[in-house]
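Report on the structure given below.
Computed from a predicted model, the values in this text were never measured in an experiment. Lettering of chains follows the sequences in order, A, B, ..., and the numbering in each one begins at 1.
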Amino acid sequence: MLYHPENIENKWKKIWSDQKVYAVTPDPSKPKYYVLDMFPYPSGAGLHVGHPLGYIASDIVSRYKRLKGFNVLHPMGYDAFGLPAEQYAIQTGVHPAVSTAENIARYRSQLDNIGFSYDWSREVNTSEPSYYKWTQWIFLRLFSHYYDLTEDKAKSLDDLIGIFETSGSHGVSAAHSFEGSFTAEEWKTKSKVEQDKILMNYRLAYRKVGYVNWCEALGTVLANDEVKDGLSERGGFPVEKKAMTQWSLRITAYAERLLTELNDLEWSDALKTMQRNWIGRSEGARVFFGLDGHEDSIEIFTTRPDTIFGSTFMVLAPEHDLVQKITTSEQRSEIEGYIEYVNSRSERERMSEVKEVTGAFTGAYAIHPISKDKIPVWIGEYVLKDYGTGAIMAVPSDDERDDAFAKKFDLPIIPVVDKTDYPGSGKHDKEGKMINSGFLNGMEVKDAIKKMLEYIESHHLGKKEVNYKLRDANFSRQRYWGEPFPIVYDQEGVAHALDNDRLPLTLPDLQNFLPASDGRSPLARAEDWVTETDGFVRETDTMPGFAGSSWYFLRYMDPQNDQAFASQEALDYWKDVDLYIGGTEHAVGHLMYSRFWHKFLYDLGKVPTKEPFLKLINQGMIQGVIEYIYLKKEKENGLSLFVSKDRLEAWGGEESFSKLPVHIDFVEGYGGSKPHLNPKGINHFVQWRPEFVDAVFVGSTGDKMSVSEIETSENFMLYTESEVGKMSKRYYNVVNPDDVVARYGADCFRMYEMFLGPIEQSKPWDTKGIDGVQKFLRKYWSLFYEGDQWLVNRETPTGEEYKILHTTIKKIAEDIERFSLNTSVSAFMVCVNELKRLDCHKFDILEPLVRLLAPFAPFITEELWSALDQKGSVHHATYPELNPDYLVSDTVEYPVCINGKKRDDLAVSKDITQSDLESQVLALESVQKWLEGAQPKKIIIVPNRMINVVV
RNA sequence: GCCGAAGUGGUGGAAUUGGUAGACACGCUGGACUCAAAAUCCAGUGCUAGCAAUAGUGUGCGGGUUCGAGUCCCGCCUUCGGUACCA
C-alpha cells in the first residue's frame with residue numbers, strides 16, 4: 001500500500017466520530033487531567049494557520065496523557081460574542097447570530113480537518129442563551145455580594161444591610177467606593193433610593209462614572225483599538241472622552257489574593273511578573289492637602305511620604321471632580337481650553353508621550369500639610385483619573401515627570417534627598433539622606449519613610465495605605481452583540497436584579513444594529529424589550545467580551561446542565577485546569593479576570609479550588625507576512641500610480657507613497673527574498689480592486705505601463721514591500737490550514753507546525769520546510785510497506801535496534817513533559833533515519849514506535865496499528881515503557897579541549913581512573929602539539945562530559 | 001513611555017544544570033537512476049585563507065566574570081506582545 005494521507009485521514013475521521021473515540025466522562029478509577037485551549041473568537045476570516053499551533057501542542061499532550069492512563073478532559077468551544085460580528089451586521093444587515101453560526105460551522109470543519117481529540121459533546125458557545133444564562137447568573141451574584149475585608153471573602157449584601165441596621169457604616173470593613181459614613185439610626189431614616197445609592201458602592205458589580213471614547217460623527221463609542229491619533233480609524237473623525245455611568249466590577253477587592261496566590265502557580269516567571277506589575281501593589285500614604293479658600297481638600301496617594309517637604313506644587317487629573325470647583329475666573333478659559341485638548345487624547349498617548357509636558361494652572365493654591373506653605377494646584381494629562389486618587393503631590397526633586405513639569409512651567413524645586421553616598425542611584429531608588437526636610441533631616445530614606453508615616457497618622461493628616469495600580473474593570477459596552485444585563489430600573493432609577501427563574505434574559509431581535517441616540521447601545525432601539533415590565537426599564541448596555549470567557553472552562557465540565565453552571569459532582573471531579581495553552585496577548589486581561597471570577601465563585605462555595613489554571617504555557621503567535629505595494633499619494637494626470645519598491649526614489653521617495661496591503665495570493669515569491677507582482681499578479685490585482693483598472697504601474701525597469709501593456713510584457717515585475725505582522729483578514733494574508741492539509745495531510749501539517757520551533761516563540765508562517773516532514777512520514781511508512789508489500793517481520797531485534805527505540809522513547813517522553821515538541825519531531829526523524837539505515841522492519845521495534853508517534857500523527861499511526869493487527873484504537877493503547885538497560889554503554893567519548901576550544905576526541909572505558917585518563921589525554925598527539933614541550937597549567941575533567949587542558 | 005519576551009549559518013531551528021556551537025530539516029552544489037521530468041538515493045555545505053592537513057574567526061552590538069559563556073552580570077540596539085472597549 002502506498003501512503004495516501006487523504007484516504008487514511010477521511011477513513012479514520014469517520015470511524016473516530018462514529019465510535020465516539022474521544023468522548024469522556026468522570027471516572028473515579030483513573031486520575032483526571034484537564035487540558036484546555038484558549039477558545040477562539042470565530043472570526044469571518046476563518047481559522048488561520050496560527051490558531052492550531054497551541055491546539056496541536058495541547059492535543060499531543062492530551063493524547064500522550066491518555067496513553068499514560070489519565071482520564072483526559074480536552075474540550076473546545078467558541079468565544080462567540082464580539083465587535084467584528086456587530087460591525088459586519090452594521091455593514092451588511094446580516095444578524096450577528098447568523099454570521100457567528102456560519103463562522104462557527106467553518107471553524108468546526110477546519111478543526112475537524114486537523115485530527116484533534118476534542119470531546120465535541122462538550123462544546124460551548126458563549127453567545128448561546130443556555131450558556132449566557134449562567135454568565136448572567138454569575139453577574140447577579142456579583143451584584144448581590146460585597147467584599148468583607150475582615151473575613152477576606154465575598155459575602156451576601158443581606159449581611160451588609162444587617163450590619164448597617166445594627167451598627168452603621170463603621171460596623172464593617174469592606175471594599176467599597178462610598179464616601180462618607182453613617183450610624184445605624186441614620187441608615188434607618190434614609191430613603192430606599194438613598195440606601196440603594198450607598199449599597200451600590202459596596203456591590204462587587206456596581207455602577208459608576210467612567211470615560212469612553214466618544215465619536216460624535218459616528219454616533220458611537222469606540223474601542224481604543226479603533227482610535228488612531230485622536231481620530232476614528234474608520235472615517236478619521238474626531239474622538240473625545242465622554243463620561244458615562246457604567247457597570248464596573250470590583251476586581252480591586254481581590255487584588256491581594258490575586259497577587260499572593262499567583263506564587264503557587266506553574267506559570268512562567270515572565271507571566272507572573274506581568275500580572276504582578278499589572279496589579280501594581282505599592283505601600284505608602286494617603287494624605288490630605290487643604291485648599292486655600294475652600295472647604296474641600298485634595299486627597300493624594302504617595303509611596304514617598306519622606307519627600308513631602310520637597311512637594312512644591314500639586315497636579316490633578318484634568319477630569320478630577322475638584323477642577324471645576326477650584327478654578328479661578330482668570331484661569332477658567334485656559335483650563336477649559338486645556339481640558340478640551342486632553343479630551344482629544346487617548347490614555348495611551350497621555351502615558352507614552354512623556355517628553356512633551358503639558359498642563360495648566362487652576363489659579364488655586366493648596367496648603368502644604370506640614371510647612372503650611374501655599375503651593376499652586378495645576379492640572380496635567382500625565383495624572384490619570386483612575387490611577388490612585390487622580391491627584392498627586394509633585395516632588396520635582398525626586399520624580400522625573402514632576403521634574404520635567406516643574407522645569408517647563410518654571411515651578412520651584414527643592415532637593416530633599418542627598419544621594420552623594422549612592423553614586424548611580426536614580427530618582428526612583430529609595431536611598432539617600434534627607435535634607436531640607438525639617439525633622440527628617442539627616443535620616444536615611446528608609447527610616448524617613450517610616451518616621452513620616454507615623455507623623456502623618458499621629459497628626460491626622462492621612463494614613464498608611466496599600467494602593468494598587470489595578471483598577472476596577474469597566475463592565476459595560478454600548479453594543480448589541482453581548483450578554484444583556486439581567487437588570488431593570490424602577491422609576492426612581494434604582495437597579496433591581498431579575499429573578500433567577502427569569503434567566504436567561506435573551507437579546508431582542510433587531511434589524512438595525514447602529515447605536516441609538518446619545519451613545520446608547522443598539523438595544524435601546526428595541527423599545528418593547530426595554531419596557532416589557534410595567535414601570536421598569538431594562539439596562540441597555542451589554543457585557544464585554546471577557547464576561548463569557550471568564551468562566552467557560554467550568555462549563556466544559558458539565559455543559560448541558562440547566563440547573564447550575566456545572567454540577568457539584570463534575571466540579572469536584574475535574575476541579576481545575578491542569579494545563580492551559582494560549583497566547584501571551586491574554587497574559588493580563590483574560591487570565592486576571594478569570595482568576596477573579598474563580599475566586600469569587602470559590603468564596604461562594606461553588607468551586608472547590610482557589611485558582612483555575614495550575615499550569616500555563618504561552619504559545620507564540622504565528623505571524624503573517626504582509627505584502628504592500630506603493631501607491632503615489634497624488635494622482636498622476638488623474639490616474640493612480642503604483643511604483644515598484646526599487647523605483648521609489650525616482651518618484652519622490654517613500655514619503656510620497658501610501659502602502660496598500662495586497663492579497664498574498666497575487667504575490668510571486670511571497671515571504672521570500674524578492675516578492676513581486678508579475679503580469680498575472682497585476683491582472684489579479686485589478687480584478688480584485690477594479691477601481692485601479694486604469695492605474696499606471698512603474699515596474700522594476702522604470703517604465704510607466706498600463707494594465708494592457710503589462711499583459712503583453714514578459715519581464716514585468718512590481719516589487720512589493722514585505723512586513724511581518726498579524727495574520728488577519730484586513731491584511732489579506734490569512735493562510736488557511738485546510739489548504740495545507742489538502743496538500744500534505746493533517747499528520748504532516750501537525751508535525752510541521754511543531755517542527756517550526758519552540759511553542760512559546762512567535763514566527764512568521766512559512767511552508768519552506770514542510771517537505772522535510774512529508775519525507776519523514778513517507779520514510780516512516782516505508783518501514784512497514786514497500787509498495788504493496790508488507791515488510792514487518794517477527795525477527796528478534798539487535799541491541800543496536802533496541803537502543804535506537806529506547807533512546808527515542810526516553811527523548812520523546814522528556815520532550816513532551818517539557819513541551820519541547822519541535823525537538824521530539826527531530827528525534828523521530830533521527831530514529832527513522834537510523835532504522836532505515838539498518839533496514840529494520842521488526843515488529844518488536846515498529847509496534848512500540850507506532851504507539852510512540854500516535855500523539856503526533858494520529859492518522860498514519862491508527863492505520864498502521866490496524867495493519868499490525870492490533871486491537872482497538874491506538875489512541876486507547878498504552879505508552880511504550882522505557883527499559884534503561886538498552887541505553888547503557890561501557891565507553892565514554894570525551895571531547896578534548898585546549899583552552900576551552902575543542903581539538904580532539906578521546907574514547908575511553910567508562911571505569912577509567914582519573915590519573916589514567918589524564919595520562920591518556922597528555923599522550924594525545926594533538927595535545928602534545930599545543931603543549932610544545934611545556935607542562936599543562938591545569939587539566940579539568942568533567943566526568944562523562946568533557947576534558948579541558950589549560951596551557 | 002511603562003511591563004514582558006526574542007535576536008544563533010542563505011532559511012526554520014538544536015545545544016535540558018556554565019562544558020564538543022550549528023542536531024534535525026529546508027535551500028543550495030555535485031553525483032546516481034531516467035529519453036526527460038517527478039520521485040528516490042549518495043556526497044558536500046557557518047564564514048575566511050589553503051590542493052590539503054590545518055589555522056583563524058563566529059551565537060544582535062559594546063564591556064565584564066570564568067579553565068571554559070549562545071547560556072551568568074552591566075550598558076545599548078532592533079523586532080514582537082500587552083498597556084485596561086480587538087479577541
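In this structure, Asp766(A) and Arg818(A) both approach RNA chain B, and ranking their closest nucleotides by distance from the 5' end singles out Asp766(A). Looking at which nucleotide of RNA chain B each of Gly757(A) and Phe475(A) is closest to, the 5′-most match is held by Gly757(A).
Comparing U45(B) with G9(B), their C1' atoms are spaced 10 Å from each other, to the whole Å. As rounded to the nearest Å, A23(B) and U16(B) have C1' atoms that lie 14 Å from one another. Nucleotides G64(B) and A15(B) are separated by 24 Å at their C1' atoms, to the nearest Å. Rounded to the nearest Å, the gap between the P atom of C73(B) and that of A25(B) is 34 Å.
With distances taken from any side-chain atom of Asp225(A) to the nucleotides G13(B), C86(B), G4(B), the minimum falls on C86(B). For Lys811(A), whose side chain is taken as the heavy atoms from C-beta onward, the closest listed nucleotide among A39(B), U16(B), G19(B) is U16(B). The side chain of Lys726(A) approaches G81(B) more closely than any other nucleotide in the set C85(B), A87(B), G81(B). The side chain of Met274(A) lies closest to C3(B), out of C3(B), A84(B), U11(B). Comparing atom distances between the Met829(A) side chain and each of U20(B), C26(B), A25(B) picks out A25(B) as nearest. Ranking C85(B), C41(B), C86(B) by closeness to the Pro84(A) side chain, first place goes to C86(B). When the nucleotides C67(B), U11(B), U57(B) are ranked by their closest atom to the side chain of Lys901(A), U57(B) comes out on top.
One cannot find a donor-acceptor pair under 3.5 Å joining the base of C67(B) and the side-chain atoms of Asn899(A).
With ring centers used as reference points, Phe81(A) lies under 6.0 Å from Tyr132(A).
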Criterion ring pair (Phe, Tyr, Trp, His ring centres under 6.0 Å) on Tyr206(A) and Trp247(A), from CA distance to verdict: CA-CA 6 Å; Tyr206(A) 67 104; Trp247(A) 286 97; 8.5 Å; no
Read 5' to 3' with Watson-Crick or G-U pairs under 3.5 Å, [ ] for crossing pairs and | for partners on another strand, RNA chain B gives (((((((..(((......[....)))((((((.......))))))((((....))))..(((((..]....))))))))))))....
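Using bins of under 30°, 30° to 60° and over 60° for the plane-to-plane angle, the ring pair His48(A)/His51(A) lands in the tilted bin.
Each of Tyr780(A), Trp781(A), Tyr744(A), Tyr785(A) was checked for a ring-ring contact (aromatic ring centres under 6.0 Å, His included) with Tyr3(A), and the lone residue meeting it is Trp781(A). Partner of Tyr78(A) under the side-chain contact (heavy atoms from CB on, under 4.5 Å) criterion, chosen from Ile104(A), Thr126(A), Asn103(A), Thr100(A): Ile104(A).
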Listing, residues 749-759 of chain A side-chain donor-acceptor contacts under 3.5 Å, not counting sequence neighbours, or none:
from      : atom 1 : to        : atom 2 : distance (Å)
Arg750(A) : NE     : Phe856(A) : O      : 2.9
Arg750(A) : NH1    : Asp59(A)  : OD2    : 2.9
Arg750(A) : NH1    : Ile114(A) : O      : 3.3
Arg750(A) : NH1    : Gly115(A) : O      : 3.0
Arg750(A) : NH2    : Asp59(A)  : OD2    : 2.9
Arg750(A) : NH2    : Pro855(A) : O      : 2.9
Tyr752(A) : OH     : Asp766(A) : O      : 2.5
Tyr752(A) : OH     : Gly769(A) : N      : 3.4
Glu753(A) : OE1    : Leu53(A)  : N      : 3.2

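Annotation for Ala827(A) and Thr808(A): closest pair O-CG2, 4.3 Å, computed over non-hydrogen atoms.
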